Amino acid sequence: MTLQIRNLKTDQNWKQMRSLPLRSPLQIRTELASAMQKALAEKFQEDIPDVEILPSRNLSFGDLACNSAMPLAGKLKRSPRDIAAVMADSVSSGFSQVEKVSIDGPGFLNITLSGEYLAEFTVAVASGGIGQFIPSQGTGKTALVEFVSSNPTGPLTVGHCRQAVLGDAVSRLLEAAGWTVQREYYFNDAGRQMDKLAESLAVRYMGLLGVSMDIPEGGYQGGYIKEWAGELRKDKGDLLKWPDEKDLFREYAGEKAFVLISDDLKLLGITFDRFFAESELIPDAVEEAIGLLRRKELVYEDSDDPRKIWLKLSEMDRPEDRVIMREDGTYTYRMPDIAYHLNKFRRGYDLVVDIFGSDHIDTCKDVEAVLGELLGKDDVSSRLRTILHQFVTLVRGGEKVKMSTRAGNYVTLREMISEVGSANVVRYIFLTRRAEAHMDFDLEAAVAENEDNPVFYVQYAFARIAGILRKTTDPESLVVRDPGRLISILTGERERDLMRLMETVPLRISAAASALEPHRIPDILAEIARAFHGFYQHHRVVDPDNDETTAARLTLCIAVRSTLSDLLKILGVHAPEKM
RNA sequence: GCGCCCGUAGCUCAGAUGGAUAGAGCAACGGACUUCUAAUCCGUAGGUCACAGGUUCGAAUCCUGUCGGGCGUGCCA
């Protein structure tokens, strides 16, 4: 059944009806703060520090709160309430966006936003989305986000999964804040682990030919290597020799691992702009970096063997010196890492984000210290941001599952997604936790929870709106353009609550982006979904007997849909039209 | 030993630069489907914010110490 809407008042003159041009949430807060600051400076003839306007913690007080009167009390030698009164006077008139200002408690200033402003905002979101109001901190700037970067020696595990989801969400969050983001995976194809992998492959290959070889110490034992061995035999025949054709084994294993990892990432819908191969850096870029360090006298030769080279980390506020080149001329992992980071910085990004597991703490601090010496500490500290996420403890039926790639005893990303049953659910669960918080992921609980998972709560709100919109023809054309008309109809508490919640979204996205904390997004989503479900339950949207109300509520629904959709997009979680 | 992270409701976790009565989801209990999707809503219950000091108008948040857990402290990555 489709409802026809008719006899709507024209609102083509809505632009002229506005008293003020629409301000963004940020502009309003800035203007209010500066008005208050100016009033204080004039009244007390003192330098007044920036006044901060924050969202109210408790909505019964209003929409915005300011507590600046209290810290100022000492300096101005007045009571906080007197100071707050001066601030209140400066904004209680002259701002069409402000409905009410009150002074409560010891000296809190509480501001209630006007319905007209909220309606204006809602109209704008319904027609142009929430994105236009996100402070564009990243416009014209570029960011490089490095994540996953797991050794190409096997399938991605649950730990990589957390990092993959986190890195992707951080990238999306930065993009939402206007940044141009490059996603990069550092492909560690030159180290000793690749030799181990090649040898492990050779063991399985020879095994197929009836030749027994010992698995090397620290070798890989995953079942996938047996599969590769079978394919290798099919591709290349039975005549390969170890170690004569070591390079072939190595290359074959590397290619297989790359495909494995790419396929795993596809399960999550994650793509990279570039896989940066460590081997590209060897030897030129690494030698150049060592040369730079040499010129700054930050390296020295080993007293026993001059071919071995040490890095003077102890002179860079780090605990101890480290070897960067072994006697045999090979590099330890720190050296290519340094060369890689040098390369990243030279590419000129405004922001370089590294995402690592917490086991990289020491290494990344060493790399950061070295970069500081080579490029200048200020440059490095202003451009480099490192996110160290804690590990996932995987639990199945109350029992901890040990994870170790090399022992072949681990749960893969693939298995996890398959067991939980949905990449969307996995993404959402991972992204609800802060990166630096430990995380217990109980597979059985995740599956059991599947039915009433928080992600479905949010998706369902979106799907409900889609359902409502299906009841009308061309709902977009019904969007109310006149804020005054909108607010005269949307008078319910739940309707206002939705509008004021949406009004906080742009600044919260921006704050989450600045902090590189995507875990704040699910909170916002849940709040909006909750407000919407409450609204839905209590207000009929499509009402054949009331076109005006229908149009106004549809406008609200369209704004909410757009907001939910943009927020879900940051998490990389699907917004379904139907459930 | 030393370095980094963590400790908030029965469980899993939020609490942006210190603010008013510490929140949500699951789990528990009681209600609501003749309706645009009940995968929902409304209500109840649940807390010494690990512990002890300190800083100040005010602390889950900052500082110190203690206890407990994770990771690191490899010429593995």
Side-chain angles (χ1 to χ4, degrees), chain A residues 1 3 52 54-58 60-61 65 67 70-71 73-74 80 104-108 110 149-151 153 186 188 191-194 196 218 278 302 308 310 318-320 322-328 330-334 336-337 357-363 365 388-391 393 405-406 429 432-442 445-446 448-454 456-457 459-461 463-472 507-508 511-512 514-515 517 519-520 522-523 526-527 529-530 532-543 550 553-554 557 578-579:
Chain A
M1 179 196 95
L3 185 80
E52 286 182 322
L54 301 167
S56 286
R57 294 228 158 183
N58 189 330
S60 62
F61 292 125
N67 56 37
M70 283 175 283
D104 302 291
F108 292 101
N110 291 309
S149 296
S150 100
N151 282 341
T153 54
Y186 180 56
N188 229 303
R192 293 190 161 182
Q193 293 305 321
M194 288 300 287
K196 299 271 188 205
E278 180 188 8
D302 188 79
K308 183 195 272 191
W310 292 77
R318 296 295 302 147
E320 53 184 336
R322 303 278 181 183
V323 172
I324 51 170
M325 190 192 282
R326 308 181 185 97
E327 298 90 344
D328 64 3
T330 57
Y331 312 109
T332 65
Y333 62 88
R334 254 169 254 256
D337 271 6
S358 62
D359 55 336
H360 281 65
I361 282 176
D362 250 48
T363 311
K365 288 207 167 179
L388 285 173
H389 67 88
Q390 296 295 313
F391 284 173
T393 305
T405 311
R406 283 161 218 176
I429 291 178
T432 307
R433 274 75 164 175
R434 325 203 291 296
E436 63 271 23
H438 299 274
M439 182 174 168
D440 283 345
F441 193 108
D442 192 319
E449 228 178 71
N450 224 326
E451 288 306 306
D452 42 18
N453 197 283
F456 294 134
Y457 184 83
Q459 287 181 316
Y460 186 50
R464 271 185 149 172
I465 295 173
I468 293 168
L469 299 185
R470 278 195 295 273
K471 291 285 170 186
T472 63
L507 286 174
R508 291 166 83 181
S514 301
E517 289 183 352
H519 77 270
R520 299 188 197 180
D523 267 359
E527 282 177 33
R530 189 176 312 119
F532 178 77
H533 286 309
F535 159 79
Y536 178 93
Q537 203 76 24
H538 293 86
H539 298 289
R540 176 91 199 170
V541 176
V542 178
D543 178 358
T550 300
R553 288 183 178 156
L554 274 174
C557 286
K578 282 185 181 177
M579 285 176 76

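Residue numbers start from 1 in every chain, and the chains themselves are labelled A, B, ... in the order their sequence lines are given, proteins ahead of strands. What you see is a predicted model, and the numbers here were worked out from it, not measured in a lab.
Judged by distance alone, with hydrogens and angles left aside, the side-chain atoms of A/Arg553 form a donor-acceptor pair with the main-chain N or O of A/Arg540 at under 3.5 Å.
In textbook terms, a nucleotide whose glycosidic angle is within 90° of 0 is syn, and B/rC33 is one such case.
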Polar atoms only, N or O, under 3.5 Å: list the protein pairs with nucleotides 67-70 of chain B and their distances.
| from | atom 1 | to | atom 2 | distance (Å) |
| --- | --- | --- | --- | --- |
| B/rG69 | N2 | A/His438 | NE2 | 2.6 |

What pairs of nitrogen or oxygen atoms, one from the protein and one from nucleotides 40-43 of chain B, lie under 3.5 Å apart?
| from | atom 1 | to | atom 2 | distance (Å) |
| --- | --- | --- | --- | --- |
| B/rU40 | O2' | A/Arg464 | NH1 | 2.9 |
| B/rU40 | O2' | A/Gln537 | OE1 | 3.2 |
| B/rC41 | OP1 | A/Tyr457 | OH | 2.3 |
| B/rC41 | O4' | A/Gln537 | OE1 | 3.3 |
| B/rC42 | OP1 | A/Arg494 | NH1 | 3.4 |

Using the 3.5 Å cut-off, write out each protein N or O paired with an N or O of nucleotides 55-60 of chain B and the distance between them.
| from | atom 1 | to | atom 2 | distance (Å) |
| --- | --- | --- | --- | --- |
| B/rA60 | N6 | A/Arg57 | NH1 | 3.4 |

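Taking the salt bridge (Lys or Arg N to Asp or Glu O under 4.0 Å) definition, one finds that A/Glu52 meets it with nothing, sequence neighbours left out. For A/His360, there are no side chain to side chain donor-acceptor pair (under 3.5 Å) partners at least two apart in sequence or on another chain. With sequence neighbours excluded, the residues forming a side chain to side chain contact (heavy atoms under 4.5 Å, CB included) with A/Tyr333 are A/Asp337, A/Thr363, listed by chain and number. Under the salt bridge (Lys or Arg N to Asp or Glu O under 4.0 Å) criterion, A/Arg520 pairs with A/Glu517, not counting sequence neighbours. Residues passing the side chain to side chain contact (heavy atoms under 4.5 Å, CB included) test with A/Asp302, sequence neighbours excluded: A/Asp304, A/Asp305, A/Lys308, A/Trp310. Every side chain to side chain contact (heavy atoms under 4.5 Å, CB included) that A/Lys196 has, sequence neighbours left out, goes to A/Gln193, A/Tyr220. For A/Arg530, there are no salt bridge (Lys or Arg N to Asp or Glu O under 4.0 Å) partners, not counting sequence neighbours. Remark: A/Ser149 pairs with A/Glu146 by the side chain to side chain donor-acceptor pair (under 3.5 Å) rule, at least two apart or across chains.
Taking the side chain of A/Glu320 as heavy atoms from C-beta on, and the options B/rA16, B/rU73, B/rC4, the nearest nucleotide is B/rU73. The listed nucleotides are B/rA77, B/rC36, B/rA20; the one nearest the side chain of A/Tyr333 is B/rA77.
Only the P atoms considered, B/rC36 is 30 Å distant from B/rA28, to the nearest whole Å.
At a cut-off of 3.5 angstrom, counting only N and O atoms as typed in the model, there is a donor on one side and an acceptor on the other between the side-chain of A/Glu52 and the base of B/rU17.
With the 3.5 Å cutoff on both pairing distances, Watson-Crick and G-U pairs in RNA chain B assemble into runs of at least 3 at B:1-7 with B:67-73, B:10-13 with B:23-26, B:28-32 with B:40-44, B:50-54 with B:62-66.
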